[in-house]
Amino acid sequence: VATQLLSSISETDRQQNFSVVVGSFSLKANADGLQQKLREAGYDAQVVKNEDRNMYRVVAATFDSKADAAASRNEFRAKYPDAWLLYNAQ
């Protein structure tokens, strides 16, 4: 689990404690493309920015519980093998 301070740049700002990240991009357009793909598949995907690293993270889902987030990450890994957990530092 990585801990990072993020800024939400999507319309929704409902970050919970743990996020499942399925993509990280230096170009916002690439992050927006994956976000759209996930939304078309029925997920409430968000794009958040890590200011320190100037990276756009595509968050597929957020959870209050680390266990729930880990279970979701494991499911996402079937399609996104590099999916990882992010602890949202507030």
Side-chain angles (χ1 to χ4, degrees):
V1 176
T3 301
Q4 297 177 2
L5 184 59
L6 302 172
S7 302
S8 178
I9 57 175
S10 297
E11 315 75 62
T12 57
D13 190 13
R14 298 191 316 255
Q15 290 294 312
Q16 295 176 341
N17 290 334
F18 296 93
S19 295
V20 179
V21 177
V22 295
S24 296
F25 303 93
S26 58
L27 295 176
K28 185 177 181 298
N30 293 342
D32 289 342
L34 180 55
Q35 177 193 31
Q36 185 61 35
K37 187 175 179 182
L38 288 163
R39 286 191 169 182
E40 289 169 359
Y43 298 101
D44 185 22
Q46 302 171 50
V47 175
V48 295
K49 185 174 184 187
N50 177 314
E51 297 290 345
D52 292 339
R53 297 182 183 180
N54 200 32
M55 294 292 289
Y56 297 93
R57 311 290 193 203
V58 180
V59 173
T62 61
F63 299 88
D64 283 323
S65 152
K66 182 179 178 181
D68 290 342
S72 177
R73 176 208 53 208
N74 293 342
E75 290 176 15
F76 274 106
R77 281 187 172 165
K79 187 164 186 172
Y80 302 96
D82 294 328
W84 52 281
L85 287 186
L86 173 66
Y87 177 73
N88 302 309
Q90 302 295 331

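Basis for what follows: all heavy atoms, side chains included, without hydrogens, waters or symmetry-related copies.
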Specify the closest pair of heavy atoms between [X] and [Y], including all atoms of both residues, with the distance to one decimal.
X   : Y   : answer
F18 : S65 : CD1-C, 3.8 Å
S24 : W84 : OG-CZ2, 3.9 Å
N88 : S19 : ND2-OG, 3.0 Å

Who passes ring pair (Phe, Tyr, Trp, His ring centres under 6.0 Å) against Y80, sequence neighbours left out?
->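 Partners of Y80 by the ring pair (Phe, Tyr, Trp, His ring centres under 6.0 Å) criterion come out as none, since no residue qualifies.
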
With F63, which residues qualify under ring pair (Phe, Tyr, Trp, His ring centres under 6.0 Å), at least two apart?
->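 None.
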
Any heavy-atom pair between the side chains of [Y] and [X] that's under 4.5 Å?
X   : Y   : answer
Y87 : N17 : yes
T62 : Q46 : yes
L85 : V21 : no
D82 : R77 : no

Using side-chain hydrogen bond (donor to acceptor under 3.5 Å, both in side chains) as the criterion, list what pairs up with Q36, not counting sequence neighbours.
->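 Q36: side-chain hydrogen bond (donor to acceptor under 3.5 Å, both in side chains) contacts with E40.
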
Qualifying residue for side-chain contact (heavy atoms from CB on, under 4.5 Å) with V58, from N30, L38, V48 =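 That would be L38.
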
Y43, OH: over 12 other non-hydrogen atoms inside 6.0 angstrom =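 Open.
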
Can you check whether A83's main-chain N or O pairs, donor with acceptor, with R73's side chain at less than 3.5 Å?
->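 A pair under 3.5 Å: no.
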
In Å and rounded to the nearest 0.5 Å, what is the CE to CZ distance from M55 to R57?
->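 If I round to the nearest 0.5 Å, the distance is 5.5 Å.
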
